[in-house]
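See structure below.
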Number of protein chains: 2
Amino acid sequence: MTAAPEAIKVSTEAPQKCCSLLSGPLQPHDAERIAGTLKALADPTRLRVLSHVAAQGCDAVCACDLVEVLDISQPTISHHLKKLVEVGLLVREQRGRWAHYSVVREAFAELRNFLDLG
Amino acid sequence: MTAAPEAIKVSTEAPQKCCSLLSGPLQPHDAERIAGTLKALADPTRLRVLSHVAAQGCDAVCACDLVEVLDISQPTISHHLKKLVEVGLLVREQRGRWAHYSVVREAFAELRNFLDLG
DNA sequence: CCGACTGATTGATACGCGTCAATGTATGGT
DNA sequence: ACCATACATTGACGCGTATCAATCAGTCGG
């Protein structure tokens, strides 16, 4: 009976509370949270992964494609994709044997907003 | 005769070549460079530092203020400020005994541009 | 000159993380 | 049922770095 295939659970589906570098002194708690997202972004391999996924626009990209294109071992790709999903920069969609990934535009928009110095 | 006090030398005063997640597949070299800047940003302590400096708008902030406000040891603050200057997110200006720091708006604008998914 | 102050540097410690080989877990074809 | 395929997980290794105490290097006041 094909149990509903468990939507992936990321931290919080709710959009992160909006913070900016200009909105008053940054509380340690907020600093930790935003730094977490930025850490996921601050890796050359993950940037290349994101670049390839983002380049597909609306289409989702399957992990096997990334392994071929980027010339990086499959476990490493899987590791990076997981981190990017955990912080909400990517979403994962399982289709049969294949895992498809696509970018979360809102997450990037929030980061851009955070970096806005007015 | 007050020798000109040697403007701080960061990597390159030239604005970084413009890259975006959408402008074709990201080359490993560019990925390294941008990840370097993001790594400097991806630390809660440095985010708090930046928040305080950015909050001063045009005025530069002296390091001693940061030590007081953030309740972090002076060597640690100095270490973080150095990293932020190295990647070009802050500039340092020495005035007598005091070192004043201010944000580089262009650097933040470039990051925002990089994160723009259209 | 000397002492007080600002801030950078050094050294040590601890922890996180990127990477891959090996293995595990589903899924689908035959 | 069986085997190949697509990913995920585990374990291990190495390297970078955040942190602070101690020390060093300039700079001003007296």
Side-chain angles (χ1 to χ4, degrees), chain A residues 1-6 8-10 28 31-32 35-50 53 60-87 90-102, chain B residues 1-6 8-10 28 31-32 35-50 53 60-87 90-102:
Chain A
M1 33 34 184
T2 69
E6 303 286 23
I8 305 296
K9 283 237 175 65
V10 279
E32 292 277 355
T37 303
L38 287 170
K39 261 192 231 289
L41 211 56
D43 179 87
T45 302
R46 284 196 284 270
L47 287 181
R48 295 178 64 205
V49 167
L50 281 173
V53 176
V61 176
C62 103
C64 55
D65 291 339
L66 296 170
V67 174
E68 285 183 8
V69 174
L70 297 180
D71 194 44
I72 295 170
S73 78
Q74 177 267 321
T76 299
I77 294 279
S78 186
H79 166 70
H80 288 309
L81 287 170
K82 182 179 182 182
K83 298 214 102 178
L84 290 170
V85 169
E86 280 174 352
V87 299
L90 288 185
V91 283
R92 199 185 98 122
E93 183 193 0
Q94 185 93 27
R95 293 187 197 170
R97 283 186 281 192
W98 290 270
H100 291 235
Y101 294 85
S102 49
Chain B
M1 41 19 183
T2 70
E6 302 286 24
I8 305 297
K9 283 237 175 64
V10 279
E32 292 278 355
T37 303
L38 287 170
K39 261 192 229 290
L41 210 56
D43 179 88
T45 302
R46 284 197 283 270
L47 287 181
R48 294 177 64 205
V49 167
L50 281 173
V53 176
V61 175
C62 105
C64 56
D65 291 341
L66 296 171
V67 174
E68 285 183 8
V69 174
L70 297 180
D71 194 45
I72 294 170
S73 78
Q74 178 267 321
T76 299
I77 295 279
S78 185
H79 165 70
H80 288 307
L81 287 170
K82 182 179 182 181
K83 298 216 103 177
L84 290 169
V85 169
E86 280 174 352
V87 299
L90 288 185
V91 282
R92 200 185 97 121
E93 182 192 2
Q94 185 92 27
R95 293 186 197 172
R97 281 187 283 192
W98 291 271
H100 291 235
Y101 293 85
S102 48

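Below, chains carry the letters A, B, ... as their sequence lines are ordered, and counting in each starts from 1. Being a predicted model, the structure only gives us computed values, none of them experimental.
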*Take the protein atom NZ of Lys82(A) and the nucleotide atom C1' of dT19(C), then report the distance between them rounded to whole Å.*
16 Å
*Look at the side chain of Arg46(B) and the backbone N and O of Ala40(B), then say whether any donor-acceptor pair between them is shorter than 3.5 Å.*
yes
*Main-chain N/O of Gly96(A) paired to Gln94(A) side chain as donor or acceptor, under 3.5 Å*: yes
*When all nucleic acid strands are considered with a 4.0 Å heavy-atom cut-off, which category describes Arg46(B): base, sugar-phosphate, or nothing?*
sugar-phosphate
_Shortest side-chain distance from Arg97(B), nucleotide among dA4(C), dC20(C), dA8(C)_ = dA4(C)
*Would a distance-only check, ignoring hydrogens and angles, find a side-chain to backbone donor-acceptor pair under 3.5 Å from Lys39(A) to Ala42(B)?*
yes
*Checking only heavy atoms, does the side chain of Gln74(A) share a donor-acceptor pair with the base of dA8(D) at less than 3.5 Å?*
yes
*Provide, to the nearest angstrom, the distance between the NZ atom belonging to Lys83(B) and the C1' atom belonging to dT19(D).*
13 Å
*asked:* Using a heavy-atom cut-off of 4.0 Å across all strands, would you classify Ile72(A) as base, sugar-phosphate, or nothing?
replied: sugar-phosphate
*asked:* Please report the distance, rounded to the nearest Å, between NE2 in His80(B) and C1' in dC20(D).
replied: 11 Å
*Round to the nearest Å and state the distance from Gln94(B) atom CD to dC28(D) atom P.*
9 Å
*How close or far is atom P of dT19(D) from atom CZ of Arg48(B), stated in whole angstroms?*
10 Å
*Taking NE2 from His79(B) and P from dT17(D), how many angstroms apart are they, rounded to a whole number?*
8 Å
*For Thr45(A) and Trp98(A), take the nucleotide of DNA chain C holding the closest heavy atom to each; which residue's nucleotide lies nearer the 5' end?*
Thr45(A)
